[in-house]
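First the structure, in the form of C-alpha cells, and then the observations on it.
In this text, all values refer to a predicted model and were calculated from it rather than measured experimentally. Below, all heavy atoms of this structure are taken into account, side chains as well, without hydrogens, waters or symmetry copies.
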Amino acid sequence: FIKKDIYPCLKDIISTYKKGTDFSIYMDTDGLIHAGSGLDQVTWMDVRVGDWVATPRHGKPVEINALWYNALCTMDMLQAKFGDNDDSYRQLASLVKASFNKRFWNENTGCLYDVVDEDDDTIRPNQIYAVSLPFSLLPEEQEKAVVALVEKELFVGCGLRSLAPDHPDYHGIYCGALAKRDAAYHQGTAWGFLLGGFFSAYMKVNHHSSSAAENAVHMLEPVRKHLTDSGCIGSISEIFDGDAPHNPRGCYAQAWSVGEVLRCYCEDILPYL
C-alpha cells in the first residue's frame, strides 16, 4: 500500500520542497529549508494581526529543518526497501546534517538557534524536535545540553513555555483583550502538545532507562492533576500561563495536547517502567 499509493506522493513532496513553492519556501544551496518573508507566518508560531507579525521566524526555522532531515532519512529507508537504488536522499540528508550542525549550534547559549540566516538566538521550544525525532542530527552531548536547557527554562509541568522568561518580550499571563492575548500566545505561554517532543527527547538522551521513565512519570504529575482538577475534566488544555501557577487557558480540551502526551507516554515512557 505504501509503495503503490503513498511513496509516489512523498517523492512529489520532497521534489517540490527542493524546487520551491509559495511563501518563500524553498531548499537553499546548503540543503536547508528556507521559509517565509514579509508578513508571512508559515510555522506553528503564526500570530499575525493586520501588519503586525508577533513572532517573525523568516529564514530557516530549527524544527522545519529537523523535520526535513527526518523526511529525507525516511525516504532513503523507503527507497532501499522498495529497491529503487536511489542514493540521492541519503546524499542530501548528509548535506543537511552537516549544514545544520554548522549553522544551528549556538556556543553562546549552549543550545540551538531558533532560526538561522536571520539568526535568532531566543530560547524557544522548537529546538527540542532536533533531539526527539527518530533520526539524530546532533552529537549526544549537544542533545543533552538542549534537553537540559529546555527543562530549565521552558518546562512548567503541563507544557513548555514558548519563550524563556528572561526575554524582554516574555508574557507570562495569557488573558485580556484579543490583542493582549495574541501578544502572549507564542511569547511565553506554555503549550501542552510540546510535552510530547520534550519527553521523547528526555527519554532518548537518558537511553530509555527505567530510572528516567520513573522520573518522567513524576514530571507528568501536574498533567495527571490537571486531568481531574482544572479545565475540562479528563482532557488537557491547549495552553497554560507561563507564570505560576500556570493556569490553563485557551481551548480546554485540545486534541494535540492529548495526542502528544498519550504518544510519548505509550511510546517512550510506559515500555521502560
Side-chain angles (χ1 to χ4, degrees), residues 44 61-74 77 93 96-98 100-101 104-114 121-166 190-227 236 240 242 244 246 256-273:
W44 76 278
V62 63
E63 79 281 14
I64 299 301
N65 281 285
L67 288 161
W68 173 237
Y69 175 73
N70 273 260
L72 293 170
C73 291
T74 301
M77 181 181 69
V96 170
K97 185 172 185 176
F100 188 96
N101 278 271
F104 276 97
W105 184 253
N106 184 348
E107 289 290 349
N108 294 328
T109 58
C111 66
L112 298 171
Y113 283 105
D114 189 55
D121 62 358
T122 51
I123 307 301
R124 294 191 184 275
N126 305 302
Q127 61 186 302
I128 202 68
Y129 293 102
V131 182
S132 67
L133 292 167
F135 297 97
S136 297
L137 275 159
L138 301 170
E140 186 176 2
E141 286 307 309
Q142 290 184 357
E143 288 187 326
K144 289 180 178 179
V146 167
V147 173
L149 183 136
V150 168
E151 181 179 355
K152 177 176 180 287
E153 298 289 342
L154 306 178
F155 177 72
V156 297
C158 285
L160 298 186
R161 292 186 180 107
S162 46
L163 183 66
D166 62 354
W191 289 72
F193 88 94
L194 293 169
L195 290 180
F198 173 73
F199 280 108
S200 291
Y202 176 84
M203 290 299 296
K204 180 179 179 181
V205 299
N206 286 286
H207 306 291
H208 293 90
S209 67
S210 59
S211 60
E214 290 169 4
N215 195 43
V217 169
H218 174 72
M219 294 168 73
L220 278 166
E221 188 57 33
V223 177
R224 188 184 299 276
K225 191 171 187 297
H226 170 62
L227 284 168
I236 303 173
F240 301 81
H246 310 299
W256 64 345
S257 297
V258 173
E260 271 296 270
V261 169
L262 281 174
R263 182 199 60 76
C264 73
Y265 183 76
C266 293
E267 287 183 358
D268 295 307
I269 299 173
L270 185 60
Y272 304 98
L273 287 171

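- If you take CD on E153 and OG1 on T109, they are separated by 10.5 Å, rounding to the nearest 0.5 Å.
- Under a 3.5 Å cut-off, the side chain of N106 and the backbone N or O of Y113 do not form any donor-acceptor pair.
- Closest of all the heavy-atom pairs between F240 and H246 is CD2-O, 3.5 Å.
- Remark: N206 engages no residue in a side chain to side chain donor-acceptor pair (under 3.5 Å) (not counting sequence neighbours).
- W44 is listed as a side-chain neighbour of F193, based on a closest heavy-atom distance under 4.5 Å.
- Here L220 contributes atom CG and H226 contributes atom NE2; the two are 12.5 Å apart, rounded to the nearest 0.5 Å.
- The aromatic ring centres of Y272 and H208 sit less than 6.0 Å apart.
- Within the 4.5 Å cutoff, the side chain of Y129 has no heavy atoms near those of the I64 side chain.
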### Task
Apply side-chain contact (heavy atoms from CB on, under 4.5 Å) to the pair N215 and Y202, showing each step before the final yes or no.
CA-CA 10 Å; N215 195 43; Y202 176 84; 2.6 Å; yes
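- Residues C158 and I236 have side chains not in contact (no heavy-atom distance under 4.5 Å, counting atoms from C-beta outward).
- A distance-only check finds no donor-acceptor pair linking the side chain of R161 to the backbone of V156 [under 3.5 Å].
- Residues P125 and F198 have side chains not in contact (no heavy-atom distance under 4.5 Å, counting atoms from C-beta outward).
- Of all heavy-atom pairs between G197 and I128, the closest is O-CG1, 3.7 Å.
- If you check the side chains of S200 and D268, you find a donor sitting under 3.5 Å from an acceptor.
- One distance of note links NZ of K144 with CG of L149; it measures 16.0 Å at 0.5 Å rounding.
- Residues L154 and R124 have side chains not in contact (no heavy-atom distance under 4.5 Å, counting atoms from C-beta outward).
- For residues 130-141, the set of pairs meeting the side-chain hydrogen bond (donor to acceptor under 3.5 Å, both in side chains) definition, not counting sequence neighbours, comprises S136-E143, S136-K204, E140-H207.
- The NZ atom of K152 sits 9.5 Å away from atom CD1 of I123, with the distance rounded to the nearest 0.5 Å.
- By the 4.5 Å heavy-atom criterion applied to side chains, F199 and V261 are not counted as neighbours.
- Put simply, CZ on R224 and NE2 on H218 are 12.0 Å apart, with the number rounded to the nearest 0.5 Å.
- Put simply, the side chain of I269 reaches to within 4.5 Å of the side chain of M203, judged on heavy atoms.
- Side-chain atoms of N101 come within 3.5 Å of backbone atoms of L137 as a donor-acceptor pair (strictly under, hydrogens ignored).
- The shortest side-chain heavy-atom distance between L112 and F100 falls under the 4.5 Å cut-off.
- The two residues A145 and W105 come nearest to each other via the heavy atoms CB-CH2, 4.0 Å.
- Of all heavy-atom pairs between N65 and V96, the closest is O-CG1, 4.5 Å.
- One finds the CG atom of L194 at 11.5 Å from the SG atom of C264 (value rounded to the nearest 0.5 Å).
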